[in-house]
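Here the structure is a predicted model, which means the values were calculated and not measured.
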Amino acid sequence: MTHSINRRAILAFSGALAASLSFATPSIAEDPDFLNIGGGPSGGTFNVVATGLGDLLREEFSDSIIGVQPGGSGPNLLRVASGDVDLGITSASNAADAWAGRDPATPDAPIQNVRGLMTFFPSAIQIWVDADSDIHSVEDLVGRQISAGQPGQTSWLAFNNLLSVYDMSIEDLEADGGQVHHLSWAESQAALRDGQLDAVMWVALYPHSTVLATETAREIRVLPLDEDRVAEYLELHGAGFSAVTLPAGLYQGHSEPTLSVGTTTFLFGSDEMSDDTAYRVTSAIWNQLDRFQQTHALLQFIDEDTAGRGMFVPIHPGAARFYEEQGIAMDEPQLN
């Protein structure tokens, strides 16, 4: 709370000072006082990417205080929408839910003031099992030891929605001694690696570096989803999602392509961010893309065909101006 009050006070003082000088100096674009970035848990992909982004932006906005704060896909939407941070990383599926007043938002307070800046990488529903497991379908999960995150998380909601299109429930899975454990990401992967879990389901990046590390102990494959079930999922729960194919070779034990449901992860700000700031953030990433992509291997996904697509929310006018100048294709917003 102290930081919030100080920040507002500083911004108010800056605004008053600017107004007092407006008759004496010409209007020029200035660095914002703060650019705080909502990332993810310490050591996680969102946190690593946000830290790399912060390094780039400190050079572009030399007079700004650049901060990287813990967050997550849902919390970042809440915090950017409320003005607690300026930039955030989220998924298109989370953004679509929040826009409609679903978790992490509420029906009385939908989040519709966020604007996309750049798509970073894809993610998908993945159900990981030991490559030698006798689990080959969602139906085979009955009676097994499973983790799908914790209630309230994106993955937990997606798992329950997935079960519903298979006419199944958590109670069905927990028949015959099965249990769905409410574990963190790190706990889930450790338990899968150690053989304490039969399956882990997550909406996650692919290939995920943690799963690749798990393969030092056992080879991993991803369960396929049925085509008709994917179609039903997209019809009932698919805002921000699309059908994706996870390629053979994604993991050591993943020998055949599998159908799943995917979304995109993107950088965003609020509609109150100035066009100039949004333009410069987008430009700084694009003009130093090779360097930024060294932050994390998944950022290799960014190119002329992907940067302006897949965000679902409206693209910020400042980012759109940069893409138009560069001839980079943009999607029409799915949410407006």
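- Formation of a donor-acceptor pair under 3.5 Å by the Q293 side chain with backbone atoms of L299 is found in this model.
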request  = Apply the test side-chain contact (heavy atoms from CB on, under 4.5 Å) to residues V165 and H237: give CA-CA distance (whole Å), side-chain angles for both, the deciding distance (0.1 Å), then the verdict.
outcome  = CA-CA 10 Å; V165 301; H237 312 293; 4.2 Å; yes
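- At a threshold of 4.5 Å between side-chain heavy atoms, the hydrophobic network of Ile, Leu, Val, Met, Phe, Trp and Tyr places V114 and V49 in one connected group.
- F268 and F312 have their aromatic ring centers separated by at least 6.0 angstrom.
- Side-chain contact between F120 and L298: absent, with no pair of heavy atoms (C-beta onward) separated by less than 4.5 Å.
- A donor-acceptor pair is defined here as one N or O able to donate and one able to accept, closer than 3.5 Å; no such pair exists between the side chain of N160 and the backbone of L157.
- Looking only at side-chain heavy atoms (C-beta outward), I125 and M201 come within less than 4.5 Å of each other.
- Heavy-atom minimum distance, V203 versus S155: N-OG, 2.9 Å.
- Counting non-hydrogen atoms of other residues, nucleotides and ligands closer than 6.0 Å to CD of E325 gives a total above 12.
- Evaluated for a side-chain contact (heavy atoms from CB on, under 4.5 Å) with I220, the options L250, L192, V200, V129 yield exactly one hit, L192.
- In the hydrophobic clustering of this structure, I127 does not group with V244; members are Ile, Leu, Val, Met, Phe, Trp, Tyr whose side-chain heavy atoms approach within less than 4.5 Å, directly or through other members.
- Few gaps surround CD on Q179; more than 12 heavy atoms of other groups in view lie less than 6.0 Å from it.
- Using a 4.5 Å cut-off between side-chain heavy atoms of Ile, Leu, Val, Met, Phe, Trp and Tyr, with links allowed through other members, L197 and L162 fall into different hydrophobic clusters.
- Side chain of D194 to backbone of Q196: no donor-acceptor contact under 3.5 angstrom is found.
- At a threshold of 4.5 Å between non-hydrogen side-chain atoms, the residues T265 and I89 count as touching.
- V48 and H296 make their closest contact through CG1-CD2, 4.3 Å (heavy atoms, listed as atom of the first residue, atom of the second, distance).
- Screening I111, N113, N36, V85 for a side-chain contact (heavy atoms from CB on, under 4.5 Å) involving V80 leaves a single residue, V85.
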key: Test log, rule side-chain contact (heavy atoms from CB on, under 4.5 Å), inputs V211 and Q189   = CA-CA 7 Å; V211 182; Q189 290 298 325; 3.9 Å; yes
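- Side chains of P70 and N47 form no contact here, defined as non-hydrogen atoms less than 4.5 Å apart.
- Scanning both residues, M168 and V138, for their nearest heavy atoms gives CE-O, 3.9 Å.
- Under a 3.5 Å cut-off, the side chain of D130 and the backbone N or O of D198 do not form any donor-acceptor pair.
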message = For T90 and S73: C-alpha separation, side-chain torsions, deciding distance, then whether side-chain hydrogen bond (donor to acceptor under 3.5 Å, both in side chains) applies.
response = CA-CA 4 Å; T90 193; S73 188; 2.9 Å; yes
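- Heavy atoms of other residues, nucleotides or ligands lying less than 6.0 angstrom from CG of D176 number 12 at most.
- For the atom pair CG (D172) and CG (D167), the distance works out to 9.5 Å, reported to the nearest 0.5 Å.
- Donor-acceptor pairing under 3.5 Å is lacking for the side chains of S270 and E272.
- In this structure, CE in M273 is found 4.0 Å from CG in L87, a value given to the nearest 0.5 Å.
- Checked by atom type and distance alone, the side chain of S64 pairs as donor or acceptor with a backbone atom of P32 at under 3.5 Å.
- No single ILVMFWY cluster, assembled from side-chain heavy atoms under 4.5 Å apart, contains both V222 and Y166.
- Contact annotation: the side chain of T258 never approaches that of L223 to less than 4.5 Å [non-hydrogen atoms, C-beta and beyond].
- Using modelled atom types, no side-chain atom of Y206 and backbone atom of P247 make a donor-acceptor pair closer than 3.5 Å.
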request  = Apply side-chain contact (heavy atoms from CB on, under 4.5 Å) to the pair D31 and R280, showing each step before the final yes or no.
outcome  = CA-CA 10 Å; D31 289 354; R280 290 172 63 193; 2.8 Å; yes
inquiry  = For R102 and D97: C-alpha separation, side-chain torsions, deciding distance, then whether salt bridge (Lys or Arg N to Asp or Glu O under 4.0 Å) applies.
reply    = CA-CA 5 Å; R102 298 187 294 269; D97 283 340; 2.8 Å; yes
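- Here the side chains of F121 and T306 are not in contact, with every heavy-atom distance at 4.5 Å or above.
- Side-chain N or O atoms of Q126 include one that pairs as donor or acceptor with a backbone N or O of L205 at under 3.5 Å.
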key: Trace of the side-chain contact (heavy atoms from CB on, under 4.5 Å) decision for E30 with D63   = CA-CA 9 Å; E30 297 180 351; D63 292 331; over 6 Å; no
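- A heavy-atom distance below 4.5 Å is found between the side chains of S260 and L225.
- Under the 3.5 Å distance criterion, the side-chain polar atoms of R193 are left unmatched by any main-chain donor or acceptor of A217.
- Atom OG of S123 sits about 10.0 Å away from atom CZ of F301, to the nearest 0.5 Å.
- Across every non-hydrogen atom of A204 and H208, the tightest pair is CB-CD2, 4.1 Å.
- Classified by interplanar angle (parallel below 30°, tilted 30° to 60°, perpendicular above 60°), the ring pair F322/W286 is perpendicular.
- By the 6.0 Å contact criterion, CD on E59 is enclosed, its count of non-hydrogen atoms from other residues, nucleotides or ligands being greater than 12.
- The CD atom of Q252 sits 12.5 Å away from the CZ atom of R218 when rounded to the nearest 0.5 Å.
- Considering only heavy atoms from C-beta on, I315 stays 4.5 Å or farther from F266 through its side chain.
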request  = For S274 and D276, run side-chain hydrogen bond (donor to acceptor under 3.5 Å, both in side chains): C-alpha distance rounded to whole Å, both residues' side-chain angles, the deciding distance at 0.1 Å, then the answer.
outcome  = CA-CA 5 Å; S274 73; D276 176 73; 4.9 Å; no
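- Here R115 does not pair with D275 in a salt bridge; the nearest charged N to carboxylate O distance is not below 4.0 Å.
- Between L57 atom CG and Q288 atom CD the span is 9.5 Å, to the nearest 0.5 Å.
- A donor-acceptor distance shorter than 3.5 angstrom exists from the side chain of R221 to the backbone of A131, with no hydrogens or angles considered.
- Note on L267: it clusters hydrophobically with V313, by side-chain heavy-atom contacts below 4.5 Å among ILVMFWY residues.
- Nearest heavy-atom pair, A96 versus G240, reported as atom, atom and distance to 0.1 Å: CB-N, 3.9 Å.
- Atom CG in L236 sits 8.5 Å away from atom CG in N161 (nearest 0.5 Å).
- Taking the six-membered ring where tryptophan is involved, the planes of Y251 and W128 are perpendicular, since the angle between them exceeds 60° and thus also 30°.
- Scanning both residues, A319 and G116, for their nearest heavy atoms gives CB-O, 4.2 Å.
- Not a single donor-acceptor pair under 3.5 Å links the side chain of D226 to the backbone N or O of D228.
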